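Notes to accompany the following structure.
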Amino acid sequence: MLLNLKNKKKVQNAWAMYDWANSVYSLVITSTIFPVYYNSVTKGIDGSDVVSFFGIDIVNTVLYSYSISFSFLVIALVSPLLSGMADTSGKKLEFMKFFAYLGSLACVGLFFFDESNVEFGILCSVTASIGYAGSIVFYNAYLPEISEEKEYDFLSAKGFALGYIGSVILLVVNLLMIQMPDLFGIPDGGVAARLSFLITGLWWAGFAQIPFRVLPKNPYNKKIKRELLFHGYQEIRKVFKEVRGIKVMNRFLASFFFYSMGVQTVMYLAASFGDKELGLPGDQLILTILIIQFVGIIGSYFFAFLSKKYGNKLSLVIMVLIWTGICGAAYYVYTVYEFYALAFVVGLVMGGIQSLSRSTFSKLIPKSTTEHASFFSFYDVTEKLAIVIGTFSYGVIEQFTGSMRNSALTLGIFFLVGLGFLMLVSIPKNQLSPQSN
């Protein structure tokens with residue numbers, strides 16, 4: 001249901017700017033500087049990669065994989081109830097603000113993380129992850145409220161493109177700080193890395209003010225009920241019954257679940273793979289991520305165009321097939337140039353599959369509903385559970401086989417299962433009627 005917005009274009013641009021605000025977390029904290037810094041400070045003088053976490057000895061990269069799994073498990077458990085509460089009270093924007101500020105504050109806290117307080121660093125990174133994932137639930141739910149169905153694909157792609165551009169700008173500044181700390185009056189690269197975490201938190205909270213001031217606060221004028229928790233639970237139960245009755249949505253979520261295991265795990269652990277399996281220095285790892293970001297902008301718009309011409313399903317099938325090939329190729333990558341080439345292909349399908357998955361799900365939501373946060377909570381819970389299982393499986397396989405290559409190869413199986421479910425999904429090119437599928 002599209003709201004009657006006075007300045008629709010202004011609202012849509014403000015909405016897309018939240019991708020600009022929060023994507024710096026994904027790039028700086030998730031994909032580049034933090035993983036490299038974390039591996040550096042958790043590696044012993046003797047080269048050992050075993051750390052003590054609350055008295056438990058564990059491989060540093062395995063601990064990092066498990067911490068990601070835990071953070072997304074938390075949000076998967078609480079977001080459906082919070083979404084129901086947001087829908088029944090009309091407080092979607094307030095919930096979005098809470099998680100955004102929680103995540104940005106945790107990023108600021110990472111400034112104080114060093115080799116002496118591994119537990120503190122992991123706790124901050126987990127909290128930042130929860131804040132990021134929690135805010136995205138409510139952010140995504142605005143898409144069908146501020147745009148028409150024909151705008152979903154390109155507006156979703158615009159958000160991801162802005163996110164890529166903004167995060168690259170900040171990453172370049174951070175890299176200059178790390179590579180040339182004297183130029184900025186910083187003692188060394190380690191302090192510069194910690195400053196980058198602080199700046200990331202401030203960037204996230206600062207630019208988030210744009211959507212926070214423009215997005216509609218209570219678009220359907222819902223009244224806050226005293227028994228908010230109870231009504232939130234009722235709301236999510238009602239939407240769950242609706243989701244179960246929409247066959248095309250069930251099949252799409254099943255497909256999304258399996259291929260997201262692979263996509264999200266690659267996003268979170270690509271830098272660790274390059275560091276441990278190829279021994280690439282930090283600057284080459286970060287260059288790899290930059291390649292992914294720049295190509296991701298092109299990929300987002302290219303697959304949005306492809307979906308407009310040939311339909312969402314064909315575009316998604318092509319990308320899942322490419323992802324399957326990426327997993328197989330990763331097993332045989334041994335040189336930096338092979339890693340760069342693989343990063344180029346990853347970038348091409350990274351932004352495309354994320355933006356198109358979001359817009360495709362928006363098209364499957366019944367047009368008559370106002371419970372967009374509740375519907376999107378099922379989409380986001382599916383993605384978060386996929387991250388939990390994907391990153392956990394990656395860590396377990398590395399722990400028992402001693403190689404991340406085996407973990408990467410296993411991800412290809414997830415993509416193949418996702419492809420199987422995707423082939424069962426019927427997504428018409430134009431107007432969708434989910435109730436009839």
Side-chain angles (χ1 to χ4, degrees), residues 1-5 8-9 11-16 18-19 79-80 83 86-87 92-93 96 135-163 211 215-216 219-220 239-240 242-243 245-257 259-260 263 300-301 303-308 311-316 319 351-384 422 425-437:
M1 179 186 293
L2 176 64
L3 295 173
N4 294 318
L5 302 171
K8 187 174 78 167
K9 188 58 65 177
V11 173
Q12 290 179 348
N13 288 336
W15 176 85
Y18 187 67
D19 258 311
S79 68
S83 300
D87 274 334
K92 182 162 62 254
L93 186 59
M96 182 177 163
S135 67
I136 289 294
V137 176
F138 305 101
Y139 167 63
N140 285 343
Y142 270 105
L143 181 59
E145 296 180 359
I146 63 172
S147 58
E148 300 174 58
E149 185 177 304
K150 63 184 180 181
E151 300 173 305
Y152 289 175
D153 293 343
F154 278 95
L155 181 56
S156 182
K158 181 178 183 178
F160 276 99
L162 279 174
L215 287 175
Y220 297 106
V239 173
F240 177 65
E242 287 188 65
V243 171
I246 304 174
K247 187 179 295 185
V248 65
M249 184 177 285
N250 288 325
R251 290 174 177 174
F252 175 75
L253 286 176
S255 173
F256 178 65
F257 173 71
Y259 70 67
S260 286
V263 173
S300 295
Y301 282 109
F303 283 103
F305 170 78
L306 196 66
S307 67
K308 182 178 181 180
N312 291 44
K313 180 175 177 177
L314 179 61
S315 298
L316 288 169
M319 285 187 283
I353 201 164
Q354 288 180 288
S355 64
L356 204 58
S357 295
R358 178 169 66 184
S359 61
T360 299
F361 185 77
S362 295
K363 295 177 181 181
L364 301 178
I365 297 175
K367 302 298 179 289
S368 58
T369 189
T370 64
E371 288 85 12
H372 297 108
S374 295
F375 269 98
F376 257 104
S377 74
F378 286 98
Y379 173 87
D380 285 282
V381 165
T382 300
E383 183 179 56
K384 301 317 176 262
L422 187 59
V425 178
S426 175
I427 308 174
K429 283 179 61 176
N430 301 312
Q431 284 293 105
L432 299 176
S433 178
Q435 296 90 332
S436 64
N437 286 277

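Quick caveat: nothing in here was measured; it's all calculated off a predicted structure.
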*Is the side chain of Glu383 donor-acceptor paired with the backbone N or O of Phe257 at a distance under 3.5 Å, no angle test?*
no
_Value rounded to 0.5 Å, distance of CD1 in Ile353 from OG in Ser315_ = 10.5 Å
*asked:* Between the side chains of Lys158 and Glu151, is the shortest nitrogen-to-carboxylate-oxygen separation below 4.0 Å, so that they form an ion pair?
replied: no
*What is the minimum heavy-atom distance between Thr382 and Leu253, and which atoms define it?*
CG2-O, 3.4 Å
_Closest non-hydrogen atom pair, Leu422 against Ser255_ = CB-OG, 3.3 Å
*Starting from the C-alpha separation in whole Å, work towards a yes-or-no answer on side chain to side chain contact (heavy atoms under 4.5 Å, CB included) for Tyr379 and Val137.*
CA-CA 8 Å; Tyr379 173 87; Val137 176; over 6 Å; no
_Nearest 0.5 angstrom please: Arg251 CZ to Leu364 CG, how far?_
12.5 Å
*Determine whether Pro216 and Tyr142 make a side-chain contact, defined as any pair of heavy atoms from C-beta on separated by less than 4.5 Å.*
yes
*Straight-line distance of Asn140 CG to Ser156 OG, nearest 0.5 Å*: 7.5 Å
_So, using ring-ring contact (aromatic ring centres under 6.0 Å, His included) as the criterion, who are the partners of Phe160 when residues are at least two apart?_
none
_Worked verdict on Met319 versus Gln354 for side chain to side chain contact (heavy atoms under 4.5 Å, CB included)_ = CA-CA 10 Å; Met319 285 187 283; Gln354 288 180 288; over 6 Å; no
*Expected output: side-chain Ser307 to main-chain Asn312 donor-acceptor under 3.5 Å*: no
*How would you list, by chain and number, every residue that makes a side-chain contact (heavy atoms from CB on, under 4.5 Å) with Ala254, sequence neighbours excluded?*
Phe421
*Side-chain touch Ile246/Pro366, heavy atoms, less than 4.5 angstrom*: yes
*Return the minimal non-hydrogen interatomic distance between Gln12 and Ile146, and the atom names on each side.*
NE2-O, 2.9 Å
*Straight-line distance of Phe256 CZ to Phe361 CZ, nearest 0.5 Å*: 9.0 Å
*So, for Ala157 and Ser300, which heavy atoms are closest and what is the spacing to 0.1 Å?*
CB-O, 3.7 Å
_Could you measure the distance from the CD1 atom of Ile365 to the CD atom of Glu145? Nearest 0.5 Å is fine._
9.0 Å
*What's the verdict on side-chain hydrogen bond (donor to acceptor under 3.5 Å, both in side chains) for Tyr259 and Ser357, showing C-alpha distance, side-chain angles and the deciding distance?*
CA-CA 11 Å; Tyr259 70 67; Ser357 295; 2.6 Å; yes
*I would like to know whether Lys363 and Asp153 meet salt bridge (Lys or Arg N to Asp or Glu O under 4.0 Å); could you show each step before the answer?*
CA-CA 9 Å; Lys363 295 177 181 181; Asp153 293 343; 3.0 Å; yes
*Say whether, by atom type as modelled, one donor and one acceptor occur between the side chain of Tyr301 and the main chain of Gly352 under 3.5 angstrom.*
no
_With rounding to the nearest 0.5 angstrom, report the OH to OH distance, Tyr139 to Tyr18._
9.0 Å
*CA sep, side-chain torsions, deciding dist, call: Phe252, Leu316, side chain to side chain contact (heavy atoms under 4.5 Å, CB included)*: CA-CA 11 Å; Phe252 175 75; Leu316 288 169; 3.9 Å; yes
